[in-house]
Amino acid sequence: MREKLIEILNQAQKMEYLGNVATYIPELSHKNKNRMALALMDTKGNLTVAGEAKESFTLQSMSKIITLTRALMRYGEDFVFSRVGVESVDLPFNTLKSFTIKPNNPMINAGAMVISSLLVEESFETLLDYVRKLAGNPTIRLNETVYKSEKSTSYRNPAIAYYLKDLNNITTDVEETLEYYYRQCSIELNVCDLANIAAVYANNGIHPVTKEPLIDLRSAEIVKTLMAVCGMYDESGNFLMRVGIPAKSGVSGGILAVVPGRYGIGVYGPGLDENGNSIAGAKMLELLSSEMKLNIFSY
Ligand code: GLN
């Protein structure tokens, strides 16, 4: 298995020259495009890794599936989806244009901020603790530098949040909500942690190693569905057709992917395409899917 992953990583490495590291969050711009990694955990808890498995990066938009999970478990699907939609949108993740009151889905920033507003009364530490349990890694922490970097340079996210407040779809304090959102995006981990988190979703909410029940069945089901529908932004349909695995990307270059009942996958490559998805990461998932027959639409 490890040889297969190394072979896939080598192929992705050839794409190093493609794409750009995110620069709109200045602190992300220092990342080295040739540092890539791939980790796979099966539902028995066996972990296989290739590449720079210890290279750390921030969750960014991958955090949106975790906050959505918490909101679903806390408030139930009827309430959550009275505030945010479940349809894909053919516009960038930081769009202000696509919605009137209800953001299209919880994976664009607007939808994610509505979800953050539902969780803001829980402390950020509660979320961080939950991420640590999902990843089976108590050492995961916030990257203060990335957090401050985004907070001090983002004008778009405050615009979205204040717009939602005006529409009464954020009812909490806007600055506190933004604070929570920037922090959830700045949780730092590596591909092994991503594979662990993804494996919990693959294993219907039970951590394959610790055996701790962390997500109820229905919430895990909904989150995987939305990963398939809109986890890769305006490239979601194309990605799903090419790869056939529900996945969620972040502008740090990470992608978390879930093959239900089989594998949790984490990939990393900081060179991004114009949609903000990791080019090498998507390639690794495509190769992995065809090599290991992971397309969920085939059997
Ligand atoms: N923190 C980033 C932002 O809000 C997350 C975006 C992303 O990963 N696509 O812009």
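These values consider heavy atoms only, across backbone and side chains, with no hydrogens, waters or symmetry-generated copies. Counting convention: from 1, in listed order, for ligands and their atoms alike.
Using modelled atom types and a 3.5 Å distance limit, the side chains of Asn104 and Glu87 yield no donor-acceptor pair. Checked by atom type, the side-chain pair Lys31/Tyr268 shows no donor-acceptor distance below 3.5 Å. Inspection of the Thr58 and Gln60 side chains reveals an N or O donor paired with an N or O acceptor under 3.5 Å. Side-chain contact, Asn32 with Glu55: no donor N or O sits under 3.5 Å from an acceptor N or O. In this model, a donor atom of one side chain and an acceptor atom of the other lie less than 3.5 Å apart for Asp216 and Ser219.
Every atom of ligand 1 is numbered from 1 in the order shown, and the set under 4.0 Å from a heavy atom of Cys185 is 1 (N). For ligand 1, the atoms closer than 4.0 angstrom to any heavy atom of Gly250 are 8 (O). Those atoms of ligand 1 that come under 4.0 Å of a heavy atom in Tyr233, given as number and element, are 7 (C), 8 (O), 9 (N). Within ligand 1, counting atoms from 1 as listed, the ones closer than 4.0 Å to a heavy atom of Tyr181 are 3 (C), 4 (O), 5 (C). Near Phe93, with a cut-off below 4.0 Å to any heavy atom, the atoms of ligand 1 are 6 (C), 9 (N), 10 (O).
Where the criterion is an N or O separation shorter than 3.5 Å, residue side chain and backbone included, Val251 meets it with respect to ligand 1.
When all heavy atoms of Arg156 and Asn94 are compared, the closest pair comes out as NH1-O, 2.9 Å.
Annotation: cation-pi geometry satisfied between Lys248 and Tyr233 (NZ/CZ under 6.0 angstrom from ring centroid, within 45° of ring axis).
In Tyr24, the part holding a heavy atom less than 4.0 Å from any atom of ligand 1 is the side chain. Here Ser61 has heavy atoms under 4.0 Å from ligand 1 in both its backbone and its side chain. Residue Asn109 touches ligand 1 through its side chain alone, judged by heavy-atom distances below 4.0 Å. Counting heavy atoms under 4.0 Å from ligand 1, residue Asn157 touches it through the side chain alone.
In this structure, Tyr147 has its ring center at least 6.0 angstrom away from the ring center of Tyr182.
Across Met107, Lys64, Glu150, heavy-atom proximity to atom 3 (C) of ligand 1 is greatest for Glu150.
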